[in-house]
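Predicted model, so just to flag it, every value in this text is computed and none were measured. Here is the naming used below: chain letters follow the sequence lines, and residue numbers restart at 1 for every chain.
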2 protein chains.
Amino acid sequence: MITLTEENYIKAIYHLSKQGAENVNTNALAEAMNTKASSATDMIRKLSEKDYANYKKYKGVTLTETGKRIAINIIRKHRLWEVFLVEKLNFTWDEVHELAEQLEHIKSQKLIDELDIFLGHPTHDPHGDPIPNKDGEITYVEKTLLSQAQVNLRYSCVGVNDSSSEFLQYLNNNNISLGSIIEVMHIEPFDKSINIKANGKLLTVSQSVAKNLYLKKL
Amino acid sequence: MITLTEENYIKAIYHLSKQGAENVNTNALAEAMNTKASSATDMIRKLSEKDYANYKKYKGVTLTETGKRIAINIIRKHRLWEVFLVEKLNFTWDEVHELAEQLEHIKSQKLIDELDIFLGHPTHDPHGDPIPNKDGEITYVEKTLLSQAQVNLRYSCVGVNDSSSEFLQYLNNNNISLGSIIEVMHIEPFDKSINIKANGKLLTVSQSVAKNLYLKKL
DNA sequence: ATAATTATTTAGATTAGTCTAAAAATATAT
DNA sequence: ATATATTTTTAGACTAATCTAAATAATTAT
Ligand SMILES: [Mn+2]
Ligand SMILES: [Mn+2]
Ligand SMILES: [Mn+2]
Ligand SMILES: [Mn+2]
């Protein structure tokens, strides 16, 4: 039996190894899990004993195939629940992440299969992230961070890198949502802040905002 | 913060004190929780320290008002989730209880409020049990156990006392569900087994079945 | 009223997950 | 190449929830 904590560590390892090197550092994992490095070491050991992870002392951790399968399944559940909350229960995209962190641990294959059917096999969650299919396959679409976008080009907003309510509410306040048209007007060399036209309205966003908004060239 | 285990003990105390004496025995609680009496004692102490329960050594345990409020809220969540699973996700009444045991612990007021709205404020769960409203009020309807029913009277099936899949599947196999018409034909004095006509079909049920089926006089 | 039985509590361990502080390994800078 | 800094692991302790075995209280039977 896999515990809730193990599931969360596995998911964290998965996400970290997608956005950085394949091998995940103990400190990075501890940071992501809001624990201390010593706790992360203990858990890495445990995951490795259970064959969810590959571990060599001082060399970081990677997931085994089993571990990856588990991670993807949790992510699938997380994102399907997010869709459910937004589409069926009147939640907004800034309200669902924390709750999905709870719901993703509910154990029932039939539940998730039926939820998927009930929602019409959605392909993306409310933040633009792809939903793995029943076989764990994930379809990635090309996307660019606003921080990497080119001046004078038109983009459409297709996702966020940070699903925290704080960031999403910032976007709400500036009328930016999935599908919004974003035009890059000017990049300020001094602090890399960016002048954009979002849905026709002028707006200046900081680098840290720009690093969390995904666009697609139009 | 209240733990999942605390919630389950509180719920068990609530159910036990509804069906027997107000004061719940340590052994009865341990039995219901599938633990040992010593574990129950420890938990009772903890609940009492947190003011969810009243406890006097050797005298059993009762819930405080706070404890009752918590119990009723968990039961509300449990039953709303059961309705959701049956009404929206194609589950049958014998498939939902265990899963609802997981879902009842999800913490989000908005989730449960919205689920209630989404389901159209259902008053009863798939097993005929009343769903407490937002204020914790429970409307009980009069019902008789089949084991207490009178010969030659016509009843309608309004609930079950045992929500286990085993019992519900037994009912499925005999075409009995909520709303089924049950006529009591004869009670065998030897073993108290009962001859009934269920939806027009003759059937003999044992005492232990009869003690788990709730009826309403027609 | 004693004795026997049953119920309950206590004592002491165990496991999962966490922590702090110290030790050891690795990486970086001079 | 050696010293310094950083990262990681180990050692030892804590809490929540559990267990077994033993002790004590309450109940029931004689
Ligand atoms: Mn999320
Ligand atoms: Mn998401
Ligand atoms: Mn149930
Ligand atoms: Mn029910």
Enquirer: Starting at NZ of B:K50 and ending at C1' of D:dT15, how long is that distance when rounded to a whole Å?
Expert: 11 Å
Enquirer: Separation of A:Y55 atom OH from C:dA25 atom C1', in whole Å?
Expert: 11 Å
Enquirer: Going by the ring pair (Phe, Tyr, Trp, His ring centres under 6.0 Å) test, name the single residue among B:H15, B:H127, B:H97 that passes it with B:H78.
Expert: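 The passing option is B:H97.
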Enquirer: Is it true that the NZ or CZ of B:K88 lies under 6.0 Å from the centre of A:F84's six-membered ring and within 45 degrees of the ring axis?
Expert: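 Not satisfied by the 6.0 Å and 45° rule.
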Enquirer: In this structure, are over 12 heavy atoms from other groups packed under 6.0 Å from A:E7 atom CD?
Expert: yes
Enquirer: Rounded to the nearest angstrom, tell me the gap between atom CE in A:M33 and atom P in C:dA16.
Expert: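 Checked: the CE to P distance equals 17 Å.
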Enquirer: Using a 4.0 Å heavy-atom cut-off to protein, can you give one letter per nucleotide of nucleotides 19-26 of chain D, 5' to 3': B if the base is in contact, S if only the sugar-phosphate is, - if neither?
Expert: BB---BSS
Enquirer: Are there more than 12 heavy atoms of other residues, nucleotides or ligands under 6.0 Å from atom NZ of A:K143?
Expert: yes
Enquirer: Show me, range against range, the stems involving DNA chain C, built from at least 3 consecutive Watson-Crick or G-U pairs below 3.5 Å.
Expert: C:1-30 with D:1-30
Enquirer: Could you state the CE-P distance from B:M43 to D:dT15, rounded to the nearest angstrom?
Expert: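 Interatomic distance, CE of B:M43 to P of D:dT15: 16 Å.
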Enquirer: Looking only at the side chains, is there a donor atom on one of A:N8 and A:H105 sitting less than 3.5 Å from an acceptor on the other?
Expert: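 Looking only at side-chain atoms, A:H105 and A:N8 do form a donor-acceptor pair, the distance falling under 3.5 Å.
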Enquirer: Indicate yes or no for a side-chain donor-acceptor contact from B:Q148 to the backbone of B:L145 under 3.5 Å, with no hydrogens or angles considered.
Expert: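 No: the side chain of B:Q148 does not pair with the backbone of B:L145.
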Enquirer: If only atom types and distance count, is the side chain of B:Q102 paired as donor or acceptor with the main-chain N or O of A:K107 below 3.5 Å?
Expert: yes
Enquirer: Under 4.0 Å between a Lys/Arg side-chain N and an Asp/Glu carboxylate O for B:R79 and B:E82?
Expert: no
Enquirer: For A:K110, does the NZ atom have more than 12 heavy-atom neighbours from other residues, nucleotides or ligands under 6.0 Å away?
Expert: yes
Enquirer: Could you tell me if A:T5 and A:T3 have a donor-acceptor pair between their side chains, going purely by distance under 3.5 Å?
Expert: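 Looking only at side-chain atoms, A:T5 and A:T3 do not form any donor-acceptor pair under 3.5 Å.
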Enquirer: In whole Å, I'd like the distance from the CD atom of B:E49 to the C1' atom of D:dA16.
Expert: 13 Å
Enquirer: If I compare all heavy atoms of B:L119 with all of B:L80, which pair ends up nearest, and what's the gap?
Expert: CD1-O, 3.4 Å
Enquirer: Can you tell me the distance, in whole Å, between the CD atom of A:E31 and the P atom of D:dT6?
Expert: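 The distance from CD of A:E31 to P of D:dT6 comes to 16 Å, rounded to the nearest Å.
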Enquirer: Listed in order of residue number, which residues of residues 7-30 of chain A have a non-hydrogen atom at under 4.0 Å from DNA chain C?
Expert: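 Nucleic-acid contacts, sorted: A:Y9.
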Enquirer: Starting at atom CD1 of B:I44, determine the distance to atom C1' of C:dA7, rounded to an integer number of angstrom.
Expert: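 Interatomic distance, CD1 of B:I44 to C1' of C:dA7: 12 Å.
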